Every structure is written in C-alpha cells, then in structure tokens.
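See below for the structure under consideration.
Keep in mind that the numbers below use all heavy atoms, side chains included, and drop hydrogens, waters and symmetry copies. Treat the numbers as computed from the prediction; the structure is a model and nothing was measured. Each chain gets a letter, A, B and so on, in the order the sequences are listed, and its residues count up from 1.
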There are 2 protein chains.
Amino acid sequence: MSEILKLQKKIVPELTEILEKRYNILRYIYYNQPIGRRTLAGNLGIGERVIRTEINVLKKQELLEIQSIGMSVTEEGKMIIDKLQDFIHALRDLSSLENRLQEILMIKKVIVVPGTFDEDQLILKDVGKIASLCINSMIKDNNIIGITGGSTMAQIAEEMPENKSKKGVLVLPARGGLGKNLETQANNISAKIAKKLGGMYKLLHVPDSLEKEALETILKIPEIREIRELIKKIDILVLGLGRADEMARRRKLSEKTIEEIMNKGAVAEAFGHYFNRDGQKVWESSTVGLSLVDFQNVENVVCIACGKKKTEAIMSIASLKSNITLILDEGVAREITRLAN
Amino acid sequence: MSEILKLQKKIVPELTEILEKRYNILRYIYYNQPIGRRTLAGNLGIGERVIRTEINVLKKQELLEIQSIGMSVTEEGKMIIDKLQDFIHALRDLSSLENRLQEILMIKKVIVVPGTFDEDQLILKDVGKIASLCINSMIKDNNIIGITGGSTMAQIAEEMPENKSKKGVLVLPARGGLGKNLETQANNISAKIAKKLGGMYKLLHVPDSLEKEALETILKIPEIREIRELIKKIDILVLGLGRADEMARRRKLSEKTIEEIMNKGAVAEAFGHYFNRDGQKVWESSTVGLSLVDFQNVENVVCIACGKKKTEAIMSIASLKSNITLILDEGVAREITRLAN
DNA sequence: ATATGCGGGACTAAATATGACCCTGATGTA
DNA sequence: TACATCAGGGTCATATTTAGTCCCGCATAT
C-alpha cells in the first residue's frame with residue numbers, strides 16, 4: 001500500500017469509513033438512477049436521515065444532482081466513481097490479497113474487485129466492468145473468443161465498452177442452450193459482445209446437454225461441426241464458474257444422477273464437466289461444447305466468479321490449469337484465503 | 001496536486017481540516033514536549049476538551065504517549081510529523097505557489113514551508129529544519145559557507161542535522177557582532193553549524209558597523225584581513241533577511257540617520273546594505289563583512305525569511321540576483337502573490 | 001382522477017462534542 | 001519537609017450534531 005495511504009489511515013483513521021460510505025451511496029445511485037432518497041436508504045440498509053446528510057455533502061461537491069424525478073450522478077461523479085474504485089482497491093490493500101491468491105491457487109493472475117457480492121449484488125456490475133476491460137485488453141486481431149453463459153457473463157456483455165479497434169475478431173458460444181433465461185444464454189451473450197467489439201459471431205443452436213445418440217446425430221450437421229472445429233481454436237476463453245449442484249439442477253439432470261455426481265464430491269461445473277475439490281473430473285455431460293482437452297489447450301482463460309458460494313468451485317477450477325486470469329469479488333477472495341490457512 | 005489528493009478532497013472535503021488540526025497538535029506537542037493538556041489547549045487556542053478528544057485518537061494510533069509528566073510524541077509520531085509536512089505541502093498545493101513565486105520574483109528556486117509564522121511562531125522551527133536540509137544538500141567538499149545572524153539563522157543551526165560526510169568545509173560569519181543576544185550572533189551560529197558539519201570555522205571579532213576610521217584601522221589586523229579575503233570566496237551564502245527599519249535600530253544608528261535611510265525608501269537590509277523596493281541600494285553601513293559586489297559573485301545564495309513583515313524585504317532582495325534559493329513560510333508567500341496581483 | 005414516488009421541511013430523540021471544574025499524584029522549589 | 005505547580009483522569013451539565021420519523025406539495029405515470 002502506498003506510503004501516503006498508510007499515513008492518512010494513521011492520522012485520520014475514520015477516513016476509510018467515511019470514504020467507503022460515500023462511495024457506496026454514489027455507486028448505488030449511479031447504478032439505479034434516477035432513484036429516490038427513501039428507496040436508496042432502504043436498499044442500502046442505511047437510515048433515511050443518514051442518506052440525507054451524505055447526499056447533502058455529495059450534492060455540495062457537485063457529484064450528484066437532484067431533480068424532482070430523483071437523484072442522479074453528474075459527469076464528474078461518474079469519473080469519481082471509477083477512480084474511487086481503484087482508490088478503495090489500494091485502501092483495502094487488495095493488491096496484497098491478489099498476490100496471496102495467486103500463490104494459493106497457483107495461477108497467473110488474480111483481480112480482486114472491492115466489495116462483497118453476498119452483501120451487495122451490485123458488485124456483479126463492478127465485476128462485469130472490470131472483467132470486460134480485462135478481456136478487452138487481451139484481444140488481438142483475428143482472435144477467437146469463447147463465451148459461456150450465466151448471469152455474470154451477461155453482465156460482462158452489458159458492461160463491455162464499444163471497441164472496434166481489433167480486426168477479424170470472432171466470438172463463439174462455448175456451450176449450448178441452458179435454462180430458460182434468454183439474457184444469460186451463451187448464444188445471446190456472444191452476439192452482444194461481438195457487436196460491441198465490431199466482430200463476427202456464430203450461434204450454437206443446440207441444447208447444452210444431450211443424450212449420446214442425439215449428440216451423435218447433431219454432430220453430423222455441418223454448421224455444428226464447423227463451430228465445433230472453431231471451438232478448438234479458441235484464443236481467449238471467458239468462463240463463468242458454476243457450482244456443481246446448481247448447474248446439475250439447471251441442466252435438469254435426474255435426481256438420481258445429481259445424487260451420484262454429488263456423491264463423487266463434485267463442487268464445480270465448467271463447460272459441462274464436473275470437478276471435485278482437487279480438480280479431478282468426476283462426471284461429464286455429453287455436450288457439443290468445449291472438451292477438457294480443448295480447455296487445457298486454450299492460451300488465455302479468464303475465469304469470473306462472484307459470491308462466497310463459488311468458493312469451492314473456484315479452488316477446484318484453478319487447479320486445472322495455471323494459465324488462468326481469475327476475476328472475483330473481495331468477499332469470496334477473502335473466503336478463499338481463510339480456507340487456505 | 002496529485003490525482004489521488006484531488007479525489008479525496010472531493011469525496012471527503014472535511015479531511016483537510018481534521019488532518020491539519022491533528023498535525024498541528026502533534027507538532028506542537030513534539031516541539032514542546034513534555035507538555036500538559038491545559039497548556040497545550042491554551043497555547044493552540046483550542047478548547048481543552050477538543051484537545052482531549054483529539055489526544056485520545058492520537059493516543060489510540062500510538063502517535064503519542066502520556067506519562068504523568070505530560071504528553072510526548074512517540075518515535076512513530078515523529079516520523080508521521082515529518083511525512084505529514086510533505087503531505088500538507090501537497091494538500092495545500094504549495095508546489096504551485098512555489099512556481100508562481102519563482103516567476104514573480106524571478107529567482108531560481110522557492111521553497112514554501114506550510115503554515116503562517118504570524119499565527120504560529122513554531123513555524124520558525126519548521127523553516128529552520130527545511131533550510132538546514134536544503135543547505136546540507138548543497139554543500140560539496142571544501143566549500144566555504146557564509147553565515148549571517150538573526151533568530152531564523154539561529155534556528156537553522158539548531159535544526160541542522162549532524163552530517164560529517166563532506167570534507168574541508170569552512171564556515172564563516174559574513175558579518176560582525178550585532179545586538180545583545182549571543183545566540184543570534186553570526187559568530188556563534190557559524191561555530192554551531194561548523195561543529196554539526198564536522199568542518200572548521202573562523203570568528204570575526206568586530207562589531208558589525210563601524211565608523212570609517214575604525215574600519216580602516218581594523219582592516220590592518222591580519223586575522224581580519226584573512227577573513228575578509230575568505231569572505232570573497234564564499235560558495236554558499238546563507239542569508240537571513242531583515243527589515244530596513246528594524247535592522248537600522250538594532251544597529252543603533254542615530255534617529256537622524258534612520259530617518260534619512262527610511263526617507264530614501266529603504267525596506268530591506270542585508271549584509272549591512274539597505275535597499276528600496278526596487279532592489280536599489282540606498283544606504284550602506286561601513287562593515288567588515290560582505291560587500292554588494294561579493295554578494296553578486298556568490299554562486300549559491302540561500303535566503304530565509306519568516307513572517308509577513310518581511311514581505312517587502314523579500315521582494316527587494318530577490319530582485320538583486322536571480323541565483324537565489326528562497327525559503328519562506330506560507331503566510332508571507334501568499335502575501336507576496338497577493339501584492340503581485 | 002388517482003396512486004405512487006420524489007425532494008424538502010419540521011420536529012423529537014439520541015448521541016456526541018464541548019466546556020467547566022474537581023481530584024489525586026508527581027515534581028520541583030523554598 | 002511543606003508547598004506550589006502542573007500533570008492526567010473523572011465527572012457532569014450543556015451545546016451541538018446526528019438520526020429517526022412523519023408530513024407536505026409536486027411531478028409523473030397509470
């Protein structure tokens with residue numbers, strides 16, 4: 001942590017608290033604007049009057065403006081929010097936490113996003129933003145980017161900035177359709193990201209898990225075969241991590257199968273594979289998407305995970321491969337270090 | 001000012017106030033330790049109870065310790081004080097003030113010390129410390145350092161750190177004896193500084209101002225002649241600035257002479273010469289010390305000045321020569337920019 | 001028309017900060 | 001040795017700030 005921060009925390013120890021309080025308020029307004037005072041207070045679990053006091057300060061500093069429709073963040077306020085995130089990163093010494101996690105999980109890079117998802121669901125947006133920037137910085141001309149599904153991934157697509165500087169980018173769904181929600185389908189997310197990157201995309205029009213026979217039939221379709229070949233050439237794989245139990249249910253596996261998988265110690269699911277704590281594959285759903293071998297061969301893997309319930313899944317997947325960039329929230333990050341001790 | 005500081009001042013505007021309050025308290029204790037709560041409150045003009053609240057914070061942070069004899073600053077506290085001074089320098093954007101002064105006065109370098117001498121006499125100690133560090137960094141082997149008198153200079157000698165790394169350093173008084181106070185005599189100060197630097201020193205055993213005949217007689221004394229020759233070879237001249245009126249009185253000039261000098265518009269005194277606002281010499285006391293020509297030839301001149309009453313004197317002396325390093329307190333620095341507008 | 005959610009005002013209760021004074025003990029001085 | 005002085009700590013009434021709560025008028029959407 002920088003000298004200057006230590007100095008400040010020493011002489012004005014209450015600084016951290018005030019700063020984080022105001023940051024949270026400002027951020028919440030930003031993500032929900034326009035929003036009223038009462039709603040804000042209720043959602044943040046802070047007294048209405050406290051909000052009012054802080055609002056007055058922020059208004060005076062011209063970080064937010066008040067209209068009859070509700071409060072919203074000014075342009076200056078938006079900039080401040082971005083900078084504050086980095087500042088809080090430093091204030092909480094998250095760089096040290098990142099380094100510790102890199103050692104514990106033995107992976108290339110860890111990015112910890114300030115905040116605890118379990119306490120504040122908005123953290124998902126922050127994680128999405130950070131992840132989208134991270135991915136963006138990795139992309140080179142003619143790269144093939146593999147995308148999985150899930151709410152975290154959907155958020156990444158949402159927050160991904162428009163950047164059409166790279167040529168010939170191809171975005172591929174790395175898994176088929178799963179669950180009911182359109183917004184969180186790999187297909188949908190791939191298309192969204194491709195548009196923002198000014199790239200191409202392909203769709204994988206199949207359910208994620210299939211019976212063996214159905215899989216064989218489907219693999220005879222030329223379009224599907226083409227995508228399958230392309231998936232093997234993925235340069236950057238963006239992977240939302242899942243819990244084994246949740247994903248098994250979402251896949252509509254039979255209760256018997258689920259019990260079987262769980263009995264084998266499955267904690268994590270990724271691209272249709274189920275892994276135990278030690279990163280050993282204990283079950284595999286027959287899928288048209290990425291195989292374990294394909295996964296091992298991908299050069300850049302970005303794993304994104306939010307929430308303490310993903311703790312074990314993260315630890316499992318991280319042991320599969322060292323060339324992983326892991327992006328996660330502070331809450332689950334601390335939980336991992338706690339378990340590692 | 002650094003990005004991070006702007007950010008903080010924007011989101012926690014009350015930071016500055018709290019920080020400066022605690023800095024002042026800590027600093028006052030440091031310079032007067034051990035000191036009691038009541039005395040402290042009285043001298044700082046803060047309520048006794050306020051002091052108590054702040055003391056509790058500082059104690060909790062282990063920046064000061066409390067004994068039955070009074071409060072004193074811990075080792076950590078001392079370090080914090082030093083760092084805080086730089087921090088406040090940044091917080092108040094004094095670098096910009098320094099640059100502005102360099103332009104206004106057209107001199108090489110300006111160092112502004114945080115605080116207003118007229119409100120807080122302890123600033124003299126800070127100025128002394130900064131000046132002593134500045135001088136220290138200028139010294140090279142075999143340098144001859146010229147020293148004048150005054151309370152500011154005395155403080156520099158006091159705060160000068162022991163540093164015997166340079167060889168063959170010679171410290172010379174650049175003026176004779178003046179006034180009653182032993183502590184502020186150029187002779188005394190020179191000796192003190194020489195000891196701290198592990199160098200040699202010479203003494204100038206003559207009154208600072210003399211009648212012409214007396215001067216001629218004295219100049220025949222070999223020891224005096226020797227020093228006079230050495231003075232012409234001064235590498236670093238450390239100059240405390242004086243007001244014309246004050247110095248004239250301290251020199252015990254006749255009321256008639258004083259009136260004459262003042263009528264000519266004298267505002268500044270330095271090494272026995274009196275200057276008007278434009279830096280023109282209007283009167284000269286016959287002295288064995290530095291001449292105006294000698295002064296112009298010195299390579300490094302460090303001017304030190306404290307207090308708003310020195311405003312005009314500073315502006316006058318600065319116009320004499322561009323190769324000056326000026327060290328002054330924030331109060332008089334701002335006064336100069338105010339006058340320049 | 002009306003229900004909802006908005007900011008702002010106002011009043012009370014609680015918490016905190018402040019001021020004022022006393023007490024006891026350590027220390028230095030007569 | 002006695003005493004004056006100055007130290008920190010305790011205490012308590014009071015001033016000020018902060019927080020909780022409710023109401024009002026207004027804009028907006030239904």
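To the nearest angstrom, C1' of dC21(C) lies 12 Å from CZ of Arg49(B). Glu14(B) places its CD atom 14 Å from the P atom of dA17(C), with the value rounded to the nearest Å. Whole-Å rounding puts the Leu40(B) CG to dA7(D) P distance at 9 Å. Between the P atom of dT17(D) and the CD atom of Glu17(B) lies a distance of 12 Å, rounded to the nearest Å. Spacing between atom CD1 of Ile51(A) and atom C1' of dG7(C) amounts to 14 Å, rounded to whole angstrom units. Distance, Arg37(A) CZ to dA27(D) P: 17 Å, rounded to whole Å. In this structure, Ile29(A) atom CD1 and dC6(C) atom C1' are separated by 13 Å, rounded to whole Å. Distance CD1 (Ile35(B)) to C1' (dT27(C)): 17 Å, rounded to an integer number of Å.
Listed by residue number, the members of residues 53-70 of chain A with any heavy atom below 4.0 angstrom from DNA chain D are Thr53(A), Ser68(A).
A 6.0 Å sphere centred on CD of Glu14(B) holds more than 12 heavy atoms belonging to other residues, nucleotides or ligands.
Salt bridge Arg334(B)/Glu330(B): present, at least one basic N to carboxylate O contact under 4.0 Å.
Summarising the geometry, atom CD1 belonging to Ile80(A) is positioned 11.0 Å from atom CD belonging to Gln8(B); distances are rounded to the nearest 0.5 Å.
Taking every side-chain heavy atom of Thr39(B) into account, dA7(D) is the closest of dG19(C), dA7(D), dG7(C).
With hydrogens and angles ignored, a donor-acceptor pair under 3.5 angstrom links the side chain of Arg38(B) to the base of dG8(D). You won't find any donor-acceptor pair under 3.5 Å spanning the side chain of Arg52(B) and the base of dG19(C), going by distance alone.
Residues Tyr23(B) and Gln85(B) form a side-chain contact, since some pair of their non-hydrogen atoms from C-beta on lies under 4.5 Å apart.
Although no hydrogens or angles enter the test, the distance criterion places no donor-acceptor pair under 3.5 Å between the side chain of Gln155(A) and the main chain of Val127(A). Side chain of Lys196(B) to backbone of Glu158(B): a donor-acceptor contact under 3.5 angstrom is found. Although no hydrogens or angles enter the test, the distance criterion places no donor-acceptor pair under 3.5 Å between the side chain of Asp329(A) and the main chain of Val113(A).
Residue whose closest nucleotide on DNA chain D sits further toward the 5' end, between Glu48(B) and Pro34(B): Pro34(B).
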